[in-house]
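Each remark here refers to the structure printed beneath this line.
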Amino acid sequence: MYRNFKIVPQIVFGRGCFNQLGDILKPRRTASDAYMVFVLDDVFKGRPLEGRLPMEKGDMLLPVNVDDEPKTGYIDQLVAQIQASCPRKPAGVIGIGGGATMDIAKAVSLMLNNPGSAADYQGWDLIKNPAVYHAAVPTLAGTGAEISRTTVLTGPVKKLGINSDFTLFDQIVLDPELLAGVPKDQWFYTGMDCYIHDVESLNGTYLNEFSRAYGEKSLELCRQVFLEDRADKDDKLMMASYFGGMSIAYSQVGACHALSYGLSFVLGVHHGIGCCIAFDYLEEVYPEGVKEFRRMMEKHDIRLPRNLTAKLDEAAMDTMANVALGLVPLWENCFGKDWQRVVTKEWVLELYRRM
């Protein structure tokens with residue numbers, strides 16, 4: 001059976017298109033008491049972008065902190081905060097920020113219409129009810145969160161996404177002007193998430209011509225952004241992120257993302273930098289990709305942190321390996337259905353020891 005997957009139905013792209021957000025949301029304000037929840041990365045609190053939000057009377061500004069990777073308990077707390085502020089459900093939830101902020105907005109919109117804790121839905125297709133209308137405005141590019149059916153969360157016992165067609169945004173607003181001023185390291189690590197998506201998809205056993213078409217174009221754009229000097233690099237990176245996300249929609253990521261989940265769960269390493277750290281040790285799996293990745297690091301003078309696992313005890317290392325090994329579809333995409341013949345726990349632990 002082929003997957004009949006869903007994609008984001010409405011997309012606007014272009015410099016300055018953020019100014020259209022108010023008009024885009026207007027048809028959702030059908031009742032006099034309809035309100036929107038603007039989920040805003042708190043790095044923008046008190047900054048010009050906050051003042052540009054098309055907020056109307058009754059709307060709620062919900063600043064969120066993404067210093068740590070999003071946790072299921074944090075989602076539950078934010079949902080309770082919205083419910084305590086108003087007995088009615090919002091007409092929409094709008095996420096403005098990077099991948100973590102967009103994932104928070106996705107999760108909040110899902111949990112407003114589904115009972116229990118966000119931790120109850122970590123896995124594949126466990127969500128029963130559609131989300132509240134939700135839209136995304138990325139201020140970073142690379143994660144593909146704007147186009148993904150996953151909201152990546154760290155729960156009490158695992159780091160695993162809520163994977164569902166209901167997770168997908170109803171609307172995305174892709175304005176390259178919003179990428180201006182991103183710190184270089186953050187720009188690089190987030191962009192490399194996209195590059196690694198492409199490498200893992202294009203080298204995976206799940207690959208088909210649909211995934212290849214999007215992945216190859218995304219990879220081409222990443223090379224222009226990170227190996228050339230382009231005045232329009234923000235426009236290209238924003239589209240690379242979109243195409244990279246589309247490539248893995250009908251495919252999957254691979255070994256690097258599995259290992260990065262373990263790093264994040266145990267050490268709290270952010271997703272983008274975690275992928276970079278793991279990818280740098282996977283030359284035996286993705287030789288050409290890692291070689292090119294190192295050229296990109298050299299061009300942008302990026303130095304990855306080292307010796308992250310040096311002081312971890314055996315129990316922590318074991319947990320890290322178990323989290324990574326639990327991501328079966330990722331390993332299967334990388335090595336095929338008999339992946340367990342290649343990927344042993346000792347092999348995973350040895351990779352972590354090197355980090």
Side-chain angles (χ1 to χ4, degrees), residues 21-22 25 28-47 49-122 126-140 143 145-146 150-157 159-162 164 166-173 264 268 270-271:
L21 182 59
L25 297 178
R28 298 285 161 180
R29 299 181 183 274
T30 53
S32 59
D33 57 357
Y35 72 99
M36 299 288 172
V37 175
F38 290 86
V39 177
L40 179 71
D41 185 335
D42 65 6
V43 73
F44 295 112
K45 195 79 177 72
R47 294 192 176 184
L49 183 61
E50 181 187 356
R52 294 176 61 194
L53 298 178
M55 295 186 67
E56 298 187 8
K57 184 178 179 180
D59 287 351
M60 179 179 184
L61 180 63
L62 190 66
V64 294
N65 184 272
V66 292
D67 290 342
D68 297 321
E69 291 280 281
K71 294 180 172 58
T72 54
Y74 189 41
I75 301 302
D76 297 344
Q77 175 188 327
L78 293 172
V79 171
Q81 186 176 337
I82 295 170
Q83 292 170 333
S85 70
C86 183
R88 304 183 314 280
K89 291 179 183 177
V93 175
I94 299 88
I96 305 105
T101 303
M102 287 187 281
D103 279 349
I104 289 171
K106 289 178 187 176
V108 166
S109 68
L110 287 168
M111 296 312 301
L112 284 167
N113 274 348
N114 288 274
S117 167
D120 299 334
Y121 301 98
Q122 287 182 281
L126 301 176
I127 289 285
K128 301 303 181 187
N129 302 313
V132 168
Y133 172 88
H134 51 307
V137 183
T139 61
L140 288 168
T143 67
E146 66 277 12
T150 299
T151 171
V152 182
L153 301 173
T154 300
V157 296
K159 178 179 177 181
L160 185 62
I162 298 176
S164 168
F166 295 136
T167 306
L168 283 157
F169 284 110
D170 298 291
Q171 169 81 56
I172 56 178
V173 178
S264 178
H270 275 246
H271 182 70

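- Using modelled atom types, no side-chain atom of Y74 and backbone atom of I104 make a donor-acceptor pair closer than 3.5 Å.
- Under the side-chain hydrogen bond (donor to acceptor under 3.5 Å, both in side chains) criterion, D120 pairs with no residue at all, not counting sequence neighbours.
- Atoms CD and CG, on Q171 and L25 in that order, are 8.0 Å from each other to the nearest 0.5 Å.
- Between L61 and K45, the closest side-chain pair of non-hydrogen atoms falls below 4.5 Å.
- To the nearest 0.5 Å, the span separating OG1 on T72 from CG on L160 amounts to 11.0 Å.
- The shortest side-chain heavy-atom distance between M111 and I75 falls under the 4.5 Å cut-off.
- Inter-residue side-chain proximity for V108 and Q81 is flagged as unmet; no heavy-atom pair is nearer than 4.5 Å.
- With D76 contributing its side chain and A118 its backbone, the two residues share a donor-acceptor pair below 3.5 Å.
- Remark: of the listed residues D42, D41, T139, L40, D41 is the sole one forming a side-chain contact (heavy atoms from CB on, under 4.5 Å) with T101.
- Two residues are said to be in side-chain contact when any heavy atoms from C-beta on lie closer than 4.5 Å; F38 and P54 meet this criterion.
- In this structure, the separation between CG on L140 and CE on M102 is 7.5 Å, given to the nearest 0.5 Å.
- Residues M36 and E56 are not in side-chain contact: their nearest non-hydrogen atoms beyond the backbone lie 4.5 Å or more apart.
- Between L126 and S164 there is no side-chain heavy-atom pair separated by less than 4.5 Å.
- For D170 (side chain) and H134 (main-chain N/O), a donor-acceptor pair under 3.5 Å exists by modelled atom type.
- Distance alone, capped at 3.5 Å, places no donor-acceptor pair between the K106 side chain and the G95 backbone.
- In terms of heavy atoms, T30 sits closest to A34 at N-CB, 4.3 Å.
- Side chain of E146 to main chain of A136: no donor-acceptor pair is present (N/O by atom type, distance under 3.5 Å, no hydrogens or angles).
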Legend entry - R88 and D33: CA distance, side-chain angles, deciding distance, side-chain contact (heavy atoms from CB on, under 4.5 Å) verdict: CA-CA 9 Å; R88 304 183 314 280; D33 57 357; 3.3 Å; yes
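- Note that CD1 of I94 and CG of L21 are 6.5 Å apart. Values are rounded to the nearest 0.5 Å.
- Between V93 and A105, the closest heavy-atom pair is CG1-O, 3.8 Å.
- Taking 4.5 Å as the limit, some side-chain heavy atom of Y35 sits within range of a side-chain heavy atom of I82.
- For the atom pair NE2 of H271 and OG1 of T154, the computed distance is 11.0 Å after rounding to the nearest 0.5 Å.
- Side-chain N or O atoms of K128 include none that pairs as donor or acceptor with a backbone N or O of N114 at under 3.5 Å.
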Inset, instruction - Give the C-alpha distance, both sets of side-chain angles, the deciding distance and a yes or no for side-chain contact (heavy atoms from CB on, under 4.5 Å) between M60 and S85. - result: CA-CA 9 Å; M60 179 179 184; S85 70; 3.6 Å; yes
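- When each of L53, I96, I172 is checked for a side-chain contact (heavy atoms from CB on, under 4.5 Å) with V137, only I96 meets the rule.
- Here the straight-line distance linking atom OH of Y121 with atom CD1 of I162 works out to 8.5 Å at 0.5 Å rounding.
- Closest approach of N113 to K89, counting heavy atoms only: OD1-NZ, 2.6 Å.
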